[in-house]
Amino acid sequence: QVQLVESGGGLVQPGGSLRLSCAASGSIFSINAMGWYRQAPGKERELVAAITSGGSTNYADSVKGRFTISRDNAKNTVYLQMNSLKPEDTAVYYCNALAISIATKRGDDYWGQGTQVTVSS
């Protein structure tokens, strides 16, 4: 089994910064990719940023130039540095991983519980 635990969310003023972390644990054989999604009230979940084990990244247009995704493969951890935060960034942020567990030996999607990010003055 693979578990993802997010941390780092909270309340911040517009223009401020937050750093989210997501640590994967369990019977992991390998993690092919990790990413961050977010969902605001009344809206669909959207991809924010993703990164492969090799370091290739992809960002939503709305966060390019402000957010940076990174990973520490040795620790099975992914980070999302969020700068110049705007009220429209307010959402629950979810960590996602495409991982191969030792038990299944198949690539499956895993999700964290989510962490709230609120940008307000």
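None of the values given here were measured: they were computed from a predicted structure.
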Side-chain (Asn73) to main-chain (Ser53) donor-acceptor, under 3.5 angstrom: yes
Which atom pairs, donor and acceptor, lie under 3.5 Å between side-chain atoms of residues 91-102 and protein residues at least two apart or in another chain?
residue, atom, partner, partner atom, Å
Tyr93, OH, Arg38, NH1, 2.9
Tyr93, OH, Asp89, O, 2.7
Asn96, ND2, Tyr110, O, 3.3
Ser101, OG, Thr104, N, 3.1
Ser101, OG, Thr104, OG1, 2.7

Judged by modelled atom types alone, do Glu88 and Thr90 share a side-chain donor-acceptor pair under 3.5 Å? no
For the atom pair CE (Met34) and CG (Leu80), what is the distance rounded to the nearest 0.5 Å? 11.5 Å
Do other residues, nucleotides or ligands put more than 12 heavy atoms under 6.0 Å from the CD atom of Gln39? yes
Close side-chain approach of Gln113 and Val5, heavy atoms under 4.5 Å: no
Can we call the ring centroids of Trp36 and Phe67 under 6.0 Å apart? no
Donor-acceptor pairs are to be reported for all side-chain atoms of residues 11-21 against protein atoms at under 3.5 Å, with residues two or more places apart or in another chain.
residue, atom, partner, partner atom, Å
Ser17, OG, Asn83, OD1, 2.9

For Thr52 and Arg71, work out which heavy atoms get closest and say how close. O-NE, 3.6 Å
Between CD1 on residue Ile31 and CD1 on residue Ile51, distance to nearest 0.5 Å: 12.0 Å
With sequence neighbours excluded, residues passing side chain to side chain contact (heavy atoms under 4.5 Å, CB included) with Ser25: Gln3
Over all heavy atoms of both residues, which pair between Tyr59 and Lys64 is shortest? Give the atoms and the distance, please. O-CE, 3.4 Å
Hphob cluster co-occupancy, Val2 + Val78, side-chain heavy atoms under 4.5 angstrom: yes
Could you state whether Val48 and Ile69 fall into the same hydrophobic cluster, counting links through intermediate Ile, Leu, Val, Met, Phe, Trp or Tyr residues with side-chain heavy atoms under 4.5 angstrom apart? yes
Main chain of Lys75, side chain of Thr77: is a donor-acceptor contact present, judged purely on distance under 3.5 Å? yes
